[in-house]
Amino acid sequence: MKIIENLNHIRNQISVAEKRFKRRESSVCLLAVSKTRSADEIMAAVNGGQHHFGENYCQEAVEKINAIDHPDLIWHFIGPIQSNKTSQIACHFDWVHTIDRLKIARRLNEMRPKDLAPLNICVQINISGEDSKAGITLDNTDDFIAELEQFKRLKVRGLMSLPAPASNFDEQRIPFSILKRKLEELSLSRPELDTLSIGTTQDMTAAIAEGATIVRIGTALFGSRNATKQTN
Ligand SMILES: *Cc1c(COP(=O)(O)O)cnc(C)c1O
C-alpha cells in the first residue's frame with residue numbers, strides 16, 4: 001500500500017533530520033494532515049501505526065472522526081475556525097493549532113466538555129505578514145498568551161505558523177528560526193509551552209532544523225489533493 005510506503009519514508013526523513021540537526025530522537029511528532037481524505041485512507045495510515053491526524057474542515061472532520069471511532073487517535077484541528085463550529089471542535093478534537101482570536105478561544109473554553117482534558121492549543125502567528133493569512137503578529141504574542149491564561153479549559157502549548165513559500169532551504173529556515181526564538185523566550189516564564197507546529201511537505205526539514213516539535217504533512221503522505229473537493 002502506497003500510504004504505508006509514504007509513511008515509512010517520511011518517518012525515515014524525520015529521523016535523519018533529527019540526527020543531522022542534533023534534535024533529540026523522536027522529538028518531532030508527525031501530524032498526518034488528512035483533510036479531503038477518506039476514512040479508508042486514514043485507516044490505512046492508522047494500520048501503519050499513525051495516531052495523530054490534522055483536519056481543516058469541521059463538518060468533514062467530525063463525520064470521519066465519528067465513522068472511524070478509534071480510541072487511540074489524536075485529532076488536531078488546523079483550519080480556520082468559524083464561531084458556529086466551536087462547539088463541535090471543542091467536543092471532537094484534542095488539539096487546535098489555529099487560535100488567533102480571543103472570542104474563539106473563549107467559546108472553545110466554554111464548550112470544552114467537563115469530562116475531557118483541557119483542549120491543547122497553539123497560537124497561530126502570521127510570520128510572513130501576509131494579508132491573506134490568519135494569525136496574530138509576533139509583537140502581539142505575549143499579550144495574547146497572557147489573555148488566554150484566563151481560560152482554564154484550554155492549555156496553551158505553543159506556536160503554530162505557515163510561512164509564505166520560500167525557494168530554498170536557507171530561506172525556509174529564516175521565519176522558522178524567528179518562531180523558535182519567540183517560543184524560547186516565552187517558555188522562560190512558561191515552561192509548559194513546549195510545542196512548535198511548523199513545517200509541511202515543502203519545508204519539513206528546515207522546520208526540524210529550527211526546532212519543530214510537530215510537522216504537518218499531507219501531500220507527501222496521501223498524495224496531492226484534488227483542489228475542488230473542499231467543504232466546511
Ligand atoms: C493542508 C495543510 C498542511 C499540509 O500541507 P502539505 O503541503 O499537503 O503537506 C499543513 N498545515 C496546514 C495548516 C494545512 O492547511
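Whatever order the structure lists them in is the order used to number ligands and atoms, beginning at 1.
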- Return the protein residues near ligand 1 (heavy atom under 4.0 Å from any of its atoms), ordered by chain and residue number.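 Protein residues near ligand 1 are Val33, Lys35, Asn56, Ile78, Met160, Thr200, Thr201, Arg216, Ile217, Gly218, Thr219, Arg225.
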- Item | Cation-pi geometry met for Arg37 and Tyr57 (6.0 Å, 45°) |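 Cation-pi check for Arg37 and Tyr57: fails.
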- Query: Does anything in residues 215-224 pair up under side chain to side chain donor-acceptor pair (under 3.5 Å), and if so which pairs, sequence neighbours excluded?
  - Reply: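 Listed by first then second residue: Ser197-Arg216.
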- What pairs of residues pass the salt bridge (charged side-chain N to carboxylate O under 4.0 Å, His left out) test when at least one of them lies in residues 44-53, not counting sequence neighbours?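 Applying salt bridge (charged side-chain N to carboxylate O under 4.0 Å, His left out) to every pair that reaches into residues 44-53, excluding sequence neighbours, yields nothing.
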- Query: Does a side chain donor of either Gln82 or Lys85 reach within less than 3.5 Å of an acceptor in the other side chain?
  - Reply: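 On atom types as modelled, these side chains qualify, holding a pair under 3.5 Å.
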- Query: Within the side chain of Gln50, is there an N or O that forms a donor-acceptor pair under 3.5 Å with the backbone of His52?
  - Reply: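 Answer holds: yes.
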- Task: List in chain and number order the residues that pass side-chain contact (heavy atoms from CB on, under 4.5 Å) with His9, two or more places apart in sequence or in another chain; answer none if no residue qualifies.
- Result: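 Gln13.
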